Amino acid sequence: MREGQRSGIDAGQQAQESPAPALLWDRPTGASQATLILAHGAGAPMDSDFMNLMAEKLAARGLTVVRFEFDYMAARRQDGKKRPPNPQAKLLDCWRAVYAAVRHQVTGPLAIGGKSMGGRMASLLADELDADGLVCLGYPFHAIGKADKPRTAHLADLKTPTLIVQGERDAMGDRHTVAGYQLSAAIELCWLTAGDHDLKPLKVSGYSHEQHLESAADAVAGFLREHAKKR
């Protein structure tokens, strides 16, 4: 345990419509300024190095972070077999159940988001859920090598205050490519110099991965303090 307080994996309160997955909580040592539900990406679990580091850094900045796993990743944890992500409809239903469960357990602003795919799924539901904010870390604007087929149609009309932290050389949406997409005025982009999809910079940039993760955490904490609606 470092600066935040991790309570471990617990069942959490369940949504009435469908049960929510087990939840992993990282809480600040003092009062919580906001809660962020943070979903994992397509290929790594909720307790990957990236997810652990981000949760710890955000908790150190006064945020409560809640993590969960989509069904396919939870099944992989049980038997070790890799699986592709569930169909989008099932991923979104999982998100709805988690949001409903967490909403009953916290007070104050509640934001949603995630790493890569987890953030993209959150972005599809942010307005529907009336989330207080949306945070995407390495948004997959398009599949690798398919910049001509962007996943951005819903982002043009997004109303939820949104922060996207993106590496400038992300293979799923670099700075030059994203500049050509139509994005809602509610979206704020935080570009990290020479960063890739995991926000890791080139060595020649003069930045370290740790520095970029710290910058990402600063940006997220500042964004939620400034933009999250008060309930």
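Quick caveat, the model's predicted, so the values are computed rather than measured. Note that these values count all heavy atoms, side chains included, but never hydrogens, waters or copies made by symmetry.
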Counting only pairs under 3.5 Å, give me each side-chain donor-acceptor contact of residues 35-42, with atom names and distances, residues two or more places apart or in other chains.
residue	atom	partner	partner atom	Å
His40	ND1	Ala44	O	3.2
His40	NE2	Phe70	N	3.2

Can you tell me if [X] uses its side chain to pair, donor with acceptor, with the backbone of [Y] under 3.5 Å?
X	Y	result
Ser215	Gln211	yes
Asp132	Ala111	no
Asp174	Arg169	no
Asn86	Tyr72	yes
Gln166	Arg175	no

Please work out which of the three classes, parallel, tilted or perpendicular, describes the rings of Trp95 and Phe68, given edges at 30° and 60°. perpendicular

On a heavy-atom basis, which atom in [X] and which in [Y] lie closest, and how many Å separate them?
X	Y	value
Pro45	Glu69	CB-OE2, 3.1 Å
Leu158	Ala126	CD1-CB, 4.5 Å
Gly138	His197	O-CE1, 3.1 Å

Would you be so kind as to tabulate the donor-acceptor pairs closer than 3.5 Å made by side chains of residues 143-151, with sequence neighbours excluded?
none

Given side chains that start at C-beta, do those of [X] and [Y] come closer than 4.5 Å, heavy atoms only?
X	Y	result
Val165	Phe223	no
Gln33	Leu224	no
Ile164	Val178	no
Tyr139	Asp170	no
Leu183	Leu189	yes

List the residues meeting side-chain contact (heavy atoms from CB on, under 4.5 Å) with [X], not counting sequence neighbours, and say none if there are none.
X	answer
Lys82	Arg76
Ala217	Met54, Lys57, Leu58, Arg61
Asp157	none

According to side chain to side chain donor-acceptor pair (under 3.5 Å), who are the partners of [X], at least two apart in sequence or on a separate chain?
X	value
Ser48	none
Thr64	Ser32
Asp79	Arg83
Glu128	Arg96

Same apolar cluster (I L V M F W Y, side chains within < 4.5 Å links), Leu23/Ile112: yes

Pairs in or reaching into residues 108-125: which pass salt bridge (Lys or Arg N to Asp or Glu O under 4.0 Å), with residues at least two apart or in two chains? Lys115-Asp198

Which residues share a ring pair (Phe, Tyr, Trp, His ring centres under 6.0 Å) with Tyr207, sequence neighbours left out: His212

